[in-house]
Every structure is written in C-alpha cells, then in structure tokens.
Amino acid sequence: MHIDVNSAFLSWTAVDLLNKGGKYDIRNSYAVIGGDESKRHGIVLAKSNPAKKVGIITGEPLFSARKKCPSLNIYPPNHELYNDMSNKMFKLLSKYSPDIEVYSIDECFIDYTKVKKLYGNEISFAHKIKDEIKNTLGFTVNVGIGNNKLCAKVATDFSKPDKVHTLYNHEIKEKMHPLPINHLIGIGRKSSEKLIKLGINTIGDLSNCNPNQLSKYFKNQAIKIIELAKGIDNSEVISDSGLSKGISNSTTIAYNLTSKKEVYHVIESLVDNLATSLRKQKRYAYVIAIILKDKHFHSYSHQTKLINATNNTKEIYETAKKLFDETWDNEPIRLVGVRLDNLVNEVNHQISLFESVEHKELESGLESVVDELNFKYGSSVIKKASLHSSKREQK
DNA sequence: TCTGGGGTCCTAGGACCC
DNA sequence: TCTGGGGTCCTAGGACCC
C-alpha cells in the first residue's frame, strides 16, 4: 500500500490558513507554493488542482507560471509546518502498522500483508485511513494498492485527489500498459526522450521489448527497465530506513559571487549547519564535497576522502575551503553546496605523526558545549563571530 | 524578477595492486 | 622483434526521486 498526500505543501498551507481563521480554501483557487523570486528561489514547489488545469507544473519558474495564469496566488513555503504535518500523518498511520517505510516527507509504503489478518480487506482499510486522515488532519491523500511497491506507487497516481486505486498483477495489462512511458517510476525525462525516439511510447511497448536490442541504448539498465514495465519489483518495505548515507546543504545566492571571501562565508555557514546536525546524530563523515553552480547553470563538484572520519566544524570547513580553491574556475557562482558522505557511527582515530590529540579533543569538547547551549536556549544563542559579522555586513 | 533543495543509485575512467 | 588480466577503490558527472 502506498500513501501519498495530494499536493502536499499546498494542502498543508491551505489547512494552516483555515486553522488561522482564513476565509477560503486555496486548494480551490489558482494557487501555488513558491520560493522568493528576489532571492532567485522562484520556482513552483506545489500547485492546486485549478493551477494544474491551466498547465502549471512543479519545478517551473514562477515567472512562467504567472504567464499561464496572471491571477495566480503565490504562497511562501513553511518547512516547519510541513515537517509537523508529515509527522502527524506518520504517527496516525503507525497506530495501524509498525512496518511503515517513509519514502519522503509526504509519502510512505505499508506492507499490508503483515496486518491483513487484523484489519481485513485492503480496499476498505485504505478508505478507512484515507478518511481518518482527512477528518482528523484536514488534508486528503491517495492510496495505491498493489502486489509490490512499484505497482502500489503507480496506482496512487491514477487519478487525484482523495482516491483509492488498485493495480494488482492481473490488472497490469489493462491499467498500466496503456500509460505513457514517463508514468513509470524510474523513467524520467532523459529516458522517456530516448525511448520515444525508438518508437517506445507506452509502458506496454517497453514491456514487450527485447532486452538484447534495448541494451544497445540502455546498457545494463535495459533488463531493469523492462522488468519495471512488466510490473516486476521485489524490493521490500523497509521500516525505519532511518539514517541517511550522506547529508548536504546548499543555497542559491541572491546575487552571483565573484570573490573567494564571499564564497568562504557561505561555505562556513553551510558547514556549520551540517556539522551540527552530524554531531546531533553522533555520526562522522569520511567524504567531504563542495558543489558549485555557475551563472550559466553549469554544476560541478570536487570531493575528498579523509583518513579519519570527522564531525568537527573547523576540520570540515578547512577541507571544504581547500576543495573550493582547487576547483573554482573563477566563473561567477550562483549556488554553493557542501555534502558529507560515507557517514559512520564511530571513529577509530588514526593519529598522524604531526597532530596533537589534546588539541583535537579540546576542540570537539568546545563544539559539543556550543551545540548543547544552542539546543537548550534556541538555535543561535552562540554563533561564530564571523557568521554574525557577515550577516551585519549584508544588512 | 527565469530556472530550489535534499537525497539515492549508476557509470566511466583512472590509479593502484597482484 | 612491446605492452595480459583481474580486481578494488576513488572521483566526477548524470539520471532519477520527492
């Protein structure tokens, strides 16, 4: 069973506005959730059904969405609210099954086979939880049911909102094969274009392909995507998938950066966030990467693997700065990102000949005290002087 | 005032080892 | 009278998902 919130960010904002005494429901008007254009964050993050009907799509610039609908209402995102709504939904669902795989902020899978004895027929159960979410939390979801995760997820998208759909194995031919190729999970823009050029337009077309022929164009992926088209998927529902393999923090800056000093300031603040969250999870990173996007929208990255994993702000910052110096080609920069990868739960510190252990321990001790104070008294009682002054300069 | 941010997985090519 | 084969690890880039 796959559960997916209809237009999540927009629905959640709609509920919030109504709770605060708002008079009308933005789900029924030409509305989108969109970033701040003056900060160059101006894209559509979620759209209402009426907005969808005039051709507005997620990810497109607000500029172009407004051309399609001049009276469009744009609401800012509120990620704190979204996390809260998301948690409430997953908490509600956990009442029924501990085996929930959280797939994203607004989606999850439930292995219903494991609880079917308790709750009976899956279709009536799907209606029950769908309605319970609507009645207690105020937003609607779609529920898809299938013999595996792939089919359940494809079923969720059949028609929206507030619907339950099935895609059992015996329904694949009739319900899934006529769909255009890009409705298949795993076939994105690039692969659709390639397949359509080859005359493969529907999921059914792909399911009939000869893997040997297709491997000329898709290498090892050919077998995999033909299986998807046949509705074959053996992946398990994994509850508490828990810890991520890497974490990243990136930002598009309101204006292009042209000096090292400006970029260093951004890197410092990105690293500060990342290292704090790594320490909160008591984890350490082996790989540090810097990601840049220039004014032509060209992205590039540079990474390094450390001898010893770390969650020390200063060490990560110095490394990220060095990576930046090594890779920057002097083109004005639009986006700066830092990524920490190969995360581990503990470190076996290998002491190099030249470093002082005492100094390291002192430093990480200081950082945990700062983390604790920030946690106790609000997120930024204690900040680096450099971060503080950079904010003032901007004002 | 055109184009976000956070993830996962795969591939190609190079370095290195035996 | 020139240059194998198999394997691992690492990096950069890209496709895809939300």
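Letters A, B, ... mirror the listed sequences (proteins, then strands); counts begin at 1.
Between A:V287 and A:L306, every side-chain heavy-atom pair lies at or beyond the 4.5 Å cut-off. Annotation: side chain of A:P161 is in contact with side chain of A:N49 (closest heavy-atom distance under 4.5 Å). You'll find the side chain of A:E37 stays beyond 4.5 Å of the side chain of A:H41, heavy atoms only.
Inspection of the A:T13 and A:Y82 side chains reveals an N or O donor paired with an N or O acceptor under 3.5 Å.
Comparing B:dC17 with C:dG4, their C1' atoms sit 15 Å apart, to the nearest whole Å.
Geometrically, A:K194 does not engage A:Y217 in a cation-pi contact, judged by NZ or CZ lying under 6.0 Å from the ring centre and within 45° of the ring axis. A cation-pi arrangement is absent between A:K128 and A:Y119 under the rule of less than 6.0 angstrom and at most 45 degrees off the ring axis.
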* Asked: Can you give the dot-bracket line for DNA chain B, where a pair is Watson-Crick or G-U wobble with both atom distances under 3.5 Å, crossing pairs use [ ], and | marks a partner on another strand?
  -> ....||||||||||||||
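No contact: A:S299 has no heavy atom under 4.0 Å from any strand. Within the nucleic acid shown, A:L335 comes within 4.0 Å of sugar-phosphate atoms alone, with no base atom in reach, counting heavy atoms only. Nucleic acid contact for A:L62: none, since no nucleic acid atom lies under 4.0 Å from a heavy atom of the residue. At a threshold of 4.0 angstrom between heavy atoms, the contacts of A:S38 with the nucleic acid are absent. At a threshold of 4.0 angstrom between heavy atoms, the contacts of A:K194 with the nucleic acid are absent. Residue A:Y300 is classed as a sugar-phosphate contact, given heavy-atom separations below 4.0 Å to backbone atoms only. A:G35 comes within 4.0 angstrom of nothing in the nucleic acid, heavy atoms only. Note on A:Q221: only backbone sugar-phosphate atoms sit closer than 4.0 angstrom, heavy atoms only; bases stay farther off. As judged by a 4.0 angstrom heavy-atom cut-off over every strand, A:G337 is placed among residues making no nucleic acid contact.
Of the candidates A:K175, A:E122, A:M1, A:K175 is the only one forming a side chain to side chain contact (heavy atoms under 4.5 Å, CB included) with A:T166.
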Could you give the side-chain donor-acceptor pairs of residues 135-151 of chain A under 3.5 Å, partners two or more places apart or in another chain?
| from | atom 1 | to | atom 2 | distance (Å) |
| --- | --- | --- | --- | --- |
| A:N135 | ND2 | A:D131 | O | 3.1 |
| A:T136 | OG1 | A:E132 | O | 2.8 |
| A:T140 | OG1 | A:N6 | OD1 | 2.7 |
| A:N142 | OD1 | A:N6 | ND2 | 3.2 |
| A:N142 | OD1 | A:D162 | N | 3.1 |
| A:N142 | OD1 | A:K163 | N | 3.0 |
| A:N142 | ND2 | A:T156 | O | 2.8 |
| A:N142 | ND2 | A:S159 | O | 2.8 |
| A:N147 | OD1 | A:N169 | N | 2.7 |
| A:N148 | OD1 | A:L150 | N | 3.2 |
| A:N148 | OD1 | A:C151 | N | 2.8 |
| A:N148 | ND2 | A:G231 | O | 2.9 |
| A:K149 | NZ | A:E101 | OE1 | 2.9 |
| A:K149 | NZ | A:E101 | OE2 | 3.3 |
| A:K149 | NZ | A:E236 | O | 2.9 |

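For DNA chain B, the contact window with chain A, defined by any atom under 4.0 Å from a protein heavy atom, covers B:dT1 to B:dA12 in 5' to 3' order.
Because its glycosidic torsion is more than 90° from 0, C:dC2 is reported here as anti.
Around atom CD1 of A:I223, no more than 12 heavy atoms belonging to other residues, nucleotides or ligands sit under 6.0 Å away.
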